[in-house]
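Each residue takes its place number in the sequence, starting with 1. Note that the coordinates shown come from a computational prediction; the quantities given were computed from them, not determined experimentally.
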Amino acid sequence: MMPRLSLLRDHACLIVHGPDQPGLVAAVTALITRNEANIVTLDQYSSDPQGGEFFQRVVFHRPDLTAALPEIEADIAVTLEPFQMRWRLSDQSVPKRMAILASTSDHCLLELLWRHRKGELPVTIPMVISNHTNTAEDVRSFGIPFFHVPSQGPDKSAAEARILELLQGNVDFIVLARYMQIISEDFLDQVGVPVINIHHSFLPAFIGAAPYRKAHERGVKLIGATSHYVTKDLDEGPIIEQDIARVTHAMTAADLQARGAYVERAVLSRAVQWHAEDRVIRRGNHTIVFP
C-alpha cells in the first residue's frame with residue numbers, strides 16, 4: 001500500500017535569509033503578488049532590526065505552479081539580488097527523498113516507517129541501510145528496500161564507500177535512526193546532503209556505553225532526547241528539536257531507557273517533519289525553526 005503523503009499541490013515554499021533591512025517584506029510580498037500567487041502562511045524572524053539577520057518562510061499558492069516556477073525563480077533572483085539575500089524555493093508537491101541508516105535498535109526506525117505509511121511525513125524512503133540484519137524483515141514489510149552493509153573494526157572506509165554508492169544521486173537527506181557508527185568527516189563531505197541524528201540528551205554527561213544505567217546510578221530526575229544536523233564535530237551540530245520526560249527514584253535503568261526511547265521517537269519524527277517541510281534554517285551552529 002502506498003503512503004498517503006502530506007503534500008500540497010500548486011504550493012511553493014520560499015525561504016529567505018540575509019541581512020535585515022527596510023523593504024524586504026514588501027519586496028517579497030510584491031513579487032508573489034505579481035506572479036499571480038496567494039500567500040498561505042508567512043513567518044519571519046529578525047535577530048536585530050538594526051544590523052541583524054532576517055529569516056523568512058513563505059508558503060504561497062499559484063495555479064499551474066510547475067509551469068510558472070522558472071519565471072518565479074528568475075523574478076526572485078532579480079528582486080532579492082539588491083538585498084544580498086540567500087534564498088531557496090521548493091515545490092511542496094514534490095516529497096523529499098529520505099534514506100535511513102539504522103543498527104540493531106529499531107524504535108526510531110519503525111516510528112519513521114509507520115509515520116511515513118500513515119502519510120504524516122512528506123517524504124519518500126528509497127532505502128534503509130543497516131550494519132545489522134535484525135530489522136530487515138520489518139523494513140521490507142513496509143515495502144521499503146533494505147540493504148545490509150556490515151561495518152566492523154576500526155577501518156570504516158569500505159563500509160562508507162558502499163553506503164555512498166547506494167546513496168549518491170538517490171536521496172535529498174539522511175536520517176541516522178540510532179545508527180551506532182561514527183560518521184567520518186570525509187563521508188559528510190562526499191554525501192553532499194543534510195544528515196539528521198538523534199541521541200539522548202545526557203551529553204556531555206554520561207558519555208559512552210550504557211548512558212541510562214549511568215544516569216540511573218546518578219539519580220537523574222529528567223531524561224531527554226536531542227535531534228540535530230550532523231557535522232564533523234559529531235554530536236555538536238545545529239539542534240533542530242529537543243524534549244524531556246520526568247523520571248523518579250522508583251524507576252529502574254530499563255524503565256529510564258524505555259521512556260527515553262519514547263522521547264527519542266517523538267523528537268526525531270518532529271525534526272524530520274520540520275526539515276522535510278522546509279521549516280528549518282541553519283544559521284552557523286544553531287537553527288531557526290518556524291512552527
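Ion pairing of Lys232 with Glu185 is absent here, as no side-chain N (NZ or NE/NH1/NH2) approaches a carboxylate O to less than 4.0 Å. With respect to the salt-bridge test (charged N to carboxylate O, under 4.0 angstrom), the residues Glu277 and Arg279 qualify. Ion pairing between Arg162 and Glu165 holds under the 4.0 Å rule for side-chain N and carboxylate O.
Transitive grouping of hydrophobic side chains (ILVMFWY, heavy atoms separated by less than 4.5 Å) keeps Val123 and Val193 in distinct clusters. Under a hydrophobic clustering in which Ile, Leu, Val, Met, Phe, Trp and Tyr are joined whenever their side-chain heavy atoms come within less than 4.5 Å, directly or via other members, Met98 and Ile163 fall into different clusters. Leu80 is connected to Phe54 through a chain of hydrophobic side-chain contacts under 4.5 Å among Ile, Leu, Val, Met, Phe, Trp and Tyr, so both are in one cluster. Cluster membership check: Phe187 shares its hydrophobic cluster with Val230, using side-chain heavy-atom separations under 4.5 Å among Ile, Leu, Val, Met, Phe, Trp and Tyr. Linking ILVMFWY side-chain heavy atoms closer than 4.5 Å, directly or via other members, places Leu176 and Val139 in two distinct hydrophobic clusters.
Here the side chain of Asn35 pairs a donor or acceptor atom with the backbone of Leu31 at under 3.5 angstrom. Judged by distance alone, with hydrogens and angles left aside, the side-chain atoms of Asp10 form a donor-acceptor pair with the main-chain N or O of Leu65 at under 3.5 Å. Distance alone, capped at 3.5 Å, places no donor-acceptor pair between the Thr124 side chain and the Pro126 backbone. Put simply, the side chain of Lys156 never gets that close to the backbone of Pro154: no donor and acceptor are under 3.5 Å apart. A distance-only check finds a donor-acceptor pair linking the side chain of Asp172 to the backbone of Arg97 [under 3.5 Å].
Checked against the 6.0 Å centroid threshold, Tyr229 and His275 count as a close aromatic pair. Aromatic rings of His11 and Phe60 (six-membered ring for Trp) have centroids beyond the 6.0 Å cut-off, not under it.
Atom CD1 of Ile182 and atom OG of Ser151 lie 10.0 Å apart (nearest 0.5 Å). To the nearest 0.5 angstrom, Thr226 atom OG1 is 10.0 Å from Asp243 atom CG. Atom-to-atom distance recorded for Leu69:CG and Glu73:CD is 5.5 Å, nearest 0.5 angstrom. Atoms CG and CD, from Leu121 and Gln273 in turn, are 6.0 Å apart once rounded to the nearest 0.5 Å. Note that the CD atom of Gln190 and the CG atom of Leu164 stand 5.0 Å from one another [nearest 0.5 Å]. Here the OG1-CZ distance, from Thr79 to Arg34, works out to 4.0 Å after rounding to the nearest 0.5 Å.
Here the closest heavy-atom approach between residue Thr135 and residue Phe146 is recorded as OG1-CE1, 3.5 Å. Leu268 and Asn197 get closest at one heavy-atom pair: CD1-O, 4.4 Å. When all heavy atoms of Cys13 and Asp278 are compared, the closest pair comes out as SG-CB, 3.8 Å. Nearest heavy-atom pair across Arg270 and Gln242 is NH2-O, 4.3 Å. Gly18 and Met85 make their closest contact through N-CE, 3.2 Å (heavy atoms, listed as atom of the first residue, atom of the second, distance). What you find for Leu166 and Asn170 is that their closest heavy atoms are O-ND2, 2.9 Å.
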List the steps, then state whether side-chain contact (heavy atoms from CB on, under 4.5 Å) holds for Val25 with Gln56. CA-CA 9 Å; Val25 176; Gln56 187 179 65; 4.0 Å; yes
Decide side-chain contact (heavy atoms from CB on, under 4.5 Å) for Thr41 and Arg57; before the verdict, give the C-alpha distance in whole Å, the side-chain angles of both, and the deciding distance to 0.1 Å. CA-CA 8 Å; Thr41 63; Arg57 177 183 185 268; 4.0 Å; yes
Run the side chain to side chain donor-acceptor pair (under 3.5 Å) check on Asn134 and Thr104 step by step: do they pass? CA-CA 6 Å; Asn134 64 297; Thr104 57; 5.4 Å; no
Using the side-chain contact (heavy atoms from CB on, under 4.5 Å) rule, take Ile144 and Met127 through it: C-alpha gap first, then chi angles, then the decisive distance, then the call. CA-CA 6 Å; Ile144 306 295; Met127 68 188 76; 5.6 Å; no
Passes side-chain contact (heavy atoms from CB on, under 4.5 Å), Thr29 versus Leu42? Steps please. CA-CA 10 Å; Thr29 55; Leu42 188 154; 4.1 Å; yes
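With a 6.0 Å cutoff to the six-membered ring centre and a 45° limit on the axis angle, Arg283 does not count as a cation-pi contact of Phe55.
Residues Ser90 and Gln92 have side chains that bring a donor and an acceptor to within less than 3.5 angstrom of each other. Arg282 and Thr287 share no donor-acceptor pair across their side chains, judged by distance under 3.5 Å alone. For the residue pair His17/Arg86, the side-chain donor-acceptor check at 3.5 Å is satisfied. For the residue pair His200 and Glu264, no side-chain donor N or O sits within less than 3.5 Å of a side-chain acceptor on the partner. Remark: the Ser103 side chain and the Asn131 side chain contain an N/O donor-acceptor pair separated by less than 3.5 Å. In the model, Thr252 has a side-chain atom that pairs as donor or acceptor with a side-chain atom of Asp255 under 3.5 Å. Side-chain atoms of Ser227 and Glu241 include no donor-acceptor pair closer than 3.5 Å. With 3.5 Å as the limit, one finds no donor-acceptor pair spanning the side chains of Asp186 and Ser184. Checked by atom type, the side-chain pair Ser47/Glu53 shows no donor-acceptor distance below 3.5 Å.
Remark: Phe173 CZ is packed, more than 12 non-hydrogen atoms of other residues, nucleotides or ligands lying under 6.0 Å away. The number of heavy atoms from other shown groups lying within 6.0 Å of CZ (Arg9) does not exceed 12.
Residues Val175 and Leu101 form no side-chain contact, since every pair of their non-hydrogen atoms from C-beta on lies 4.5 Å or further apart. Contact check for Ile129 versus Leu167: side-chain heavy atoms found under the 4.5 Å cut-off.
Partners of Thr133 according to the side chain to side chain contact (heavy atoms under 4.5 Å, CB included) rule, which considers only residues two or more places apart in sequence or in another chain, are His148. Qualifying side chain to side chain donor-acceptor pair (under 3.5 Å) partners for Arg178, counting only residues two or more places apart in sequence or in other chains: none. Remark: His216 engages Ala253, Leu256 in a side chain to side chain contact (heavy atoms under 4.5 Å, CB included) (not counting sequence neighbours).
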